[in-house]
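Encoded as structure tokens, the structure appears first; notes follow it.
Position 1 is the first residue of the sequence, and the numbers go up from there.
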Amino acid sequence: VLQASVTCLAVLYLPSRSGPQTVFVALCAASTLFGAVKGSYFVALEAIFGDSTPQARRTTFYVYKQMSATAGLSVGPLIAVACFALSHDTWTRPELVSVIVAGAAIAVAQGVVCLFFRDV
């Protein structure tokens with residue numbers, strides 16, 4: 001959620017109040033935050049996932065997990081394509097901002113869904 005907030009700040013608030021270098025630095029900071037957050041939880045997440053699945057069915061669950069990850073990685077570009085198609089395939093600043101904000105909104109939705117995770 002923090003990365004999405006910094007991204008939205010960079011594309012919605014900063015352009016009218018600062019120069020392109022500040023916007024670029026803010027986008028780089030958002031990308032760095034994304035990488036740091038993913039790096040901090042990924043190993044623990046994999047360990048918990050492995051420990052939470054029955055050994056006899058672990059391979060099946062890892063295949064499902066990988067299929068879900070692949071589907072998720074393909075949905076992002078499809079949403080970007082839809083945003084550009086709805087804007088008549090123009091690459092001006094407003095269209096780029098809408099694509100970035102749509103991606104940030106999905107990141108927030110993903111974070112909210114994680115709040116409902118219960119390991120039983």
Side-chain angles (χ1 to χ4, degrees):
V1 175
L2 181 62
Q3 314 89 284
S5 301
V6 173
T7 301
C8 287
L9 172 81
V11 298
L12 297 175
Y13 179 78
L14 289 178
S16 63
R17 291 166 177 76
S18 60
Q21 288 179 327
T22 305
V23 174
F24 177 74
V25 168
L27 287 173
C28 289
S31 296
T32 301
L33 281 171
F34 179 75
V37 168
K38 187 172 181 176
S40 67
Y41 75 80
F42 188 73
V43 174
L45 178 71
E46 288 296 316
I48 291 170
F49 185 81
D51 290 343
S52 299
T53 56
Q55 188 172 3
R57 299 199 56 214
R58 192 167 292 159
T59 302
T60 302
F61 288 121
Y62 271 105
V63 169
Y64 290 155
K65 185 172 130 337
Q66 188 61 41
M67 287 169 42
S68 299
T70 302
L73 289 172
S74 64
V75 168
L78 288 175
I79 290 172
V81 166
C83 287
F84 283 123
L86 291 172
S87 66
H88 306 292
D89 201 25
T90 56
W91 288 68
T92 60
R93 186 178 175 282
E95 286 80 16
L96 296 173
V97 167
S98 68
V99 171
I100 291 172
V101 169
I106 291 170
V108 170
Q110 179 185 18
V112 170
V113 169
C114 288
L115 293 174
F116 297 102
F117 175 74
R118 298 286 182 261
D119 189 18
V120 289

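The same ILVMFWY cluster, assembled from side-chain heavy atoms under 4.5 Å apart, contains both Val75 and Ile106. Hydrophobic clustering (ILVMFWY, side-chain heavy atoms < 4.5 Å, transitive): Val23 and Val101 are in one cluster.
Contact record, Phe61 with Pro54: CE1-CD, 3.9 Å, taken as the closest heavy-atom pair. Across all their heavy atoms, Ala71 and Ser74 have their closest contact at O-OG, 2.8 Å.
Annotation: Tyr64, atom OH; neighbour count of heavy atoms from other residues, nucleotides and ligands within 6.0 Å does not exceed 12. The number of heavy atoms from other shown groups lying within 6.0 Å of CZ (Phe49) is above 12.
One finds the CG atom of Leu27 at 10.5 Å from the OG1 atom of Thr32 (value rounded to the nearest 0.5 Å). Rounded to the nearest 0.5 angstrom, Thr70 OG1 and Lys65 NZ are separated by 10.0 Å.
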